[in-house]
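Take a look at the structure below.
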Amino acid sequence: MRATKYFGKTLRDAPAEAETVSHRLLLRAGMVQQLAAGIYSYLPLGWRSLNKISTIIREEMNRAGGLEVRMPVTQPRELWEESGRADTFVPPLAQFEDRRGRMLVLAPTHEEAVTAMARANIRSYRDLPVTLYQIQTKFRDEPRPRAGLLRVREFEMKDAYSFDADVEGLDTSFNAMADAYHRIFGRCGLQVVMVEADSGPIGGKDSNEFVLLAESGEDTILICDKCGYAANSEKASSRKGQSPVEAPLPVETIHTPGIRTIDALAKSLGIPASRTIKAVFYSAAGEVVLVSIRGDLEVNETKLRNALGGADVRLATADQVRAAGLVAGSASAVGLDRVRSVVDDSVTAGGNYVAGANREDRHLRNVNYGRDFKADLMVDLALARDGDACPKCDGTLRAKRGIEVGHIFKLGTRYAEKMGAMYLDAQGVPHPIVMGCYGIGVGRLLAAAIEANHDGRGMTLPRAIAPFEVYLASLGDDADVVSAADSLYRDLEAASVDVLYDDRDEPPGVKFNDADLIGPPLRVVVSKRSLKNAQVEVKSRKAEKPASHPFGDAVEVVRAALEQV
RNA sequence: CGGGGAGUAGCGCAGCUGGUAGCGCGCAGCGUUCGGGACGCUGAGGUCCCGGGUUCGAAUCCCGGCUCCCCGACCA
């Protein structure tokens with residue numbers, strides 16, 4: 001493609017609204033353009049990269065046995081009433097009335113539509129298993145779109161849905177998709193890790209996220225440095241360590257004037273925080289819950305929410321705490337029976353803890369679970385942190401930042417049961433179809449790839465997803481230079497090299513800067529200086545200096561160099 | 001939804017003690033240049049977010065609204 005025939009402009013300055021690196025670079029390179037909050041147009045350059053990603057996804061879905069389908073973006077609201085998600089989906093469904101007064105929704109995801117497709121076409125166990133997928137636009141009216149393409153309202157998403165006769169079949173389909181995901185991200189040249197994840201309101205027994213490691217990421221994941229255990233921070237567990245086993249001693253009340261935090265308590269008593277019990281107050285569905293956890297640990301609110309049956313959980317307000325009769329700074333579960341007590345399993349590991357006395361300026365020594373306080377619920381509630389011990393081996397967990405680019409779920413029979421998607425087994429007995437779903441945000445993946453692949457000059461996307469493979473630039477308007485560059489351009493095109501030919505009448509600095517901004521992995525320069533020696537210059541995007549090669553070998557040199565980047 | 005910030009040329013911004021809009025980049029033309037956003041001359045380009053009010057006069061002051069961004073809440 002000749003730059004003089006192309007559409008879209010590079011910007012020297014990024015628009016003020018863009019703060020995130022990928023957002024700035026996408027706008028500066030002229031890849032996307034914003035129409036409204038979280039709603040973007042793709043210009044030719046951005047669409048090229050997006051399509052390269054889509055093509056890789058499509059090839060790997062097909063290889064894994066997936067069948068591509070296309071489903072409606074506008075769907076009758078009744079379909080969502082069947083699944084029970086018409087009023088519960090978050091964010092709420094975007095919907096409108098058609099001219100006959102029927103309510104239509106803009107699909108935020110396609111479980112309902114694909115289940116309708118399945119129940120109309122699957123009758124028998126002989127029809128199973130099957131995996132259908134789509135790469136389509138979806139719309140979610142997100143409460144807060146942000147960071148360019150990282151979190152948008154209208155977006156391209158690949159969603160695959162598997163249908164199996166039983167959970168063993170689902171496991172097989174799920175693993176096949178996990179393998180395909182590894183291949184997809186690998187082919188995109190991206191370092192992605194699969195981590196255990198919380199399945200959230202979608203439900204199901206297993207769920208894994210695919211996270212692109214990037215410092216600017218919004219998600220925290222924990223990875224064991226030894227055994228490969230990896231989970232996002234909502235899900236991750238860690239070994240909390242054993243406190244010394246001691247015979248329970250009698251409880252003593254101690255005077256602790258002005259001490260209201262675990263740090264201060266531990267310091268004043270000269271003990272580690274791990275010998276104390278911290279009380280944290282939450283409000284769940286209007287009820288105040290007292291969470292007890294060892295003093296050196298923190299509460300993982302997702303685990304707490306799951307333990308409480310999915311209720312909305314947030315820190316209790318000072319008013320709620322007071323109304324519940326709790327003494328902030330000196331609270332504990334000891335002697336409290338009118339407040340629900342949820343206990344992290346860490347406090348069962350040892351004994352003789354220091355805990356609040358539920359009186360101002362008083363704490364208790366030698367508090368023991370079971371003898372001195374009880375739990376209405378006893379589970380793992382701790383937030384795993386960098387440096388914690390791995391739950392699976394004797395390694396250490398390391399916290400890393402990342403961006404969620406894919407998420408796969410074992411859905412089970414939830415949708416099939418609600419929507420009547422059944423098959424008959426060999427005995428003629430009906431069963432609900434067992435489903436899985438597997439998503440990749442295509443636009444988010446592009447943005448994430450830029451977050452992970454850029455430098456001070458612009459994008460350094462891997463070859464497989466960069467908008468072009470080669471940036472060919474001619475310097476100056478010398479007739480020999482122009483004709484040499486023209487002919488090299490034709491030869492590269494003929495050799496099926498994906499080349500952007502900068503044939504504009506611009507000074508070298510402009511061309512070099514645009515080459516670095518757009519960032520094809522290879523830059524080829526034809527100039528009077530190099531042509532004098534019958535040479536061209538080839539430079540990889542990440543190299544400091546170019547290398548000169550005989551002009552006649554240019555195509556071969558480029559093809560070889562592309563294999564290396 | 002809570003908190004904060006911002007809307008003036010395509011982009012970045014100034015003008016805001018009221019007097020009818022400017023700078024840089026970009027864009028168009030001509031010329032000189034041609035190895036990291038080069039230089040000169042000429043030129044085009046504005047609903048100063050919208051509506052109302054105050055005033056002889058509003059980008060500027062007042063009231064109401066809209067949009068966008070950031071933090072939080074929420075979220076495949």
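These figures come from a predicted structure and were not determined experimentally. Per chain, numbering begins at 1; letters A, B, ... match sequence-line order.
Straight-line distance from the CD atom of Gln34(A) to the C1' atom of rG10(B): 16 Å, rounded to whole Å. What separates CD of Glu142(A) from P of rC69(B) is a distance of 13 Å, to the nearest Å. For the pair Lys9(A) NZ and rG10(B) C1', the computed distance is 10 Å after rounding to whole Å. For the pair Glu17(A) CD and rG7(B) P, the interatomic distance rounds to 13 Å; values are reported in whole Å. Between Arg146(A) atom CZ and rC74(B) atom C1' the separation is 9 Å, expressed in whole Å. With rounding to whole Å, Leu93(A) atom CG is found 20 Å from rC74(B) atom P. Rounded to an integer number of Å, the gap from Leu150(A) CG to rC69(B) C1' is 15 Å.
Applying the ring pair (Phe, Tyr, Trp, His ring centres under 6.0 Å) test to Tyr6(A) and every residue at least two apart in sequence or in another chain returns Phe468(A). Listed by chain and residue number, Glu82(A) satisfy the salt bridge (charged side-chain N to carboxylate O under 4.0 Å, His left out) test with Arg119(A) (two or more places apart in sequence, or in another chain). Checked against side chain to side chain contact (heavy atoms under 4.5 Å, CB included), Ala64(A) has the following partners two or more places apart in sequence or in another chain: Met177(A), Ala180(A).
In this model, a donor atom of one side chain and an acceptor atom of the other lie less than 3.5 Å apart for Ser22(A) and Glu451(A).
Between Gln33(A) and rG10(B) there is no side-chain N or O to OP1 or OP2 distance below 4.0 Å.
Both Phe155(A) and Pro15(A) lie close to RNA chain B; mapped to their nearest nucleotides by heavy-atom distance, the more 5′-ward contact belongs to Pro15(A). The 5' end of RNA chain B is approached more closely, in terms of each residue's nearest nucleotide, by Pro145(A) than by the other of Pro145(A) and Lys158(A).
rG64(B) sits 25 Å from rC16(B) when the P atoms are compared, rounded to a whole Å. Rounded to whole Å, the C1' atom of rC41(B) lies 41 Å from the corresponding atom of rU67(B). Between the C1' atoms of rA9(B) and rG5(B), the separation comes to 23 Å (whole Å). Between rG46(B) and rC13(B), the two C1' atoms lie 15 Å apart (nearest whole Å). Taking atom P on both nucleotides, rA58(B) is separated from rC39(B) by 41 Å, rounded to a whole Å. Across the P atoms, rG31(B) and rC23(B) are found 26 Å apart, a figure rounded to whole Å. Rounded to whole Å, the C1' atom of rU60(B) lies 13 Å from the corresponding atom of rU55(B). Annotation: rG15(B) and rA21(B) have their C1' atoms spaced 8 Å apart (nearest Å).
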Side-chain donor-acceptor pairs of residues 515-534 of chain A under 3.5 Å, sequence neighbours excluded:
| residue | atom | partner | partner atom | Å |
| --- | --- | --- | --- | --- |
| Ser527(A) | OG | Arg529(A) | N | 3.4 |
| Ser527(A) | OG | Ser530(A) | N | 3.3 |
| Ser527(A) | OG | Ser530(A) | OG | 3.3 |
| Ser530(A) | OG | Ser527(A) | N | 3.3 |
| Ser530(A) | OG | Ser527(A) | O | 3.2 |
| Ser530(A) | OG | Gln535(A) | O | 3.2 |

For nucleotides 29-38 of chain B, give me one character per nucleotide, 5' to 3': B if any protein heavy atom sits under 4.0 Å from the base, S if the only such contacts are to the sugar-phosphate, - if neither.
-----BBBBB

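Taking a pair to require two hydrogen-bonding distances under 3.5 Å in either a Watson-Crick or a G-U wobble arrangement, rU17(B) remains unpaired. Base pairing analysis places rC66(B) opposite rG7(B); the two distances defining the Watson-Crick or G-U wobble pair are each below 3.5 Å. The partner of rG31(B) is rC39(B), by the rule that a Watson-Crick or G-U pair needs both atom distances under 3.5 Å. Across all strands shown, rC71(B) is found opposite rG2(B) as a Watson-Crick or G-U wobble partner, with both distances under 3.5 Å. Remark: rA59(B) base-pairs with no nucleotide; criterion is Watson-Crick or G-U wobble with both hydrogen-bond distances under 3.5 Å.
Within the nucleic acid shown, Ala147(A) comes within 4.0 Å of sugar-phosphate atoms alone, with no base atom in reach, counting heavy atoms only. Using a 4.0 Å heavy-atom cutoff across all strands shown, Ala14(A) reaches sugar-phosphate atoms only and no base atom. At a threshold of 4.0 angstrom between heavy atoms, the contacts of Tyr438(A) with the nucleic acid are absent.
Between the side chain of Gln191(A) and the main chain of Leu213(A), no donor-acceptor pair closer than 3.5 Å is present.
Salt-bridge annotation for Arg457(A) and Asp455(A): absent, with no side-chain N of the basic residue lying under 4.0 Å from a carboxylate O of the acidic one.
Identified under the salt bridge (Lys or Arg N to Asp or Glu O under 4.0 Å) test for residues 32-48 of chain A, with sequence neighbours left out: Arg48(A)-Asp498(A).
Taking the six-membered ring for Trp and the full ring otherwise, the centers of Tyr438(A) and Tyr181(A) sit at least 6.0 Å from each other.
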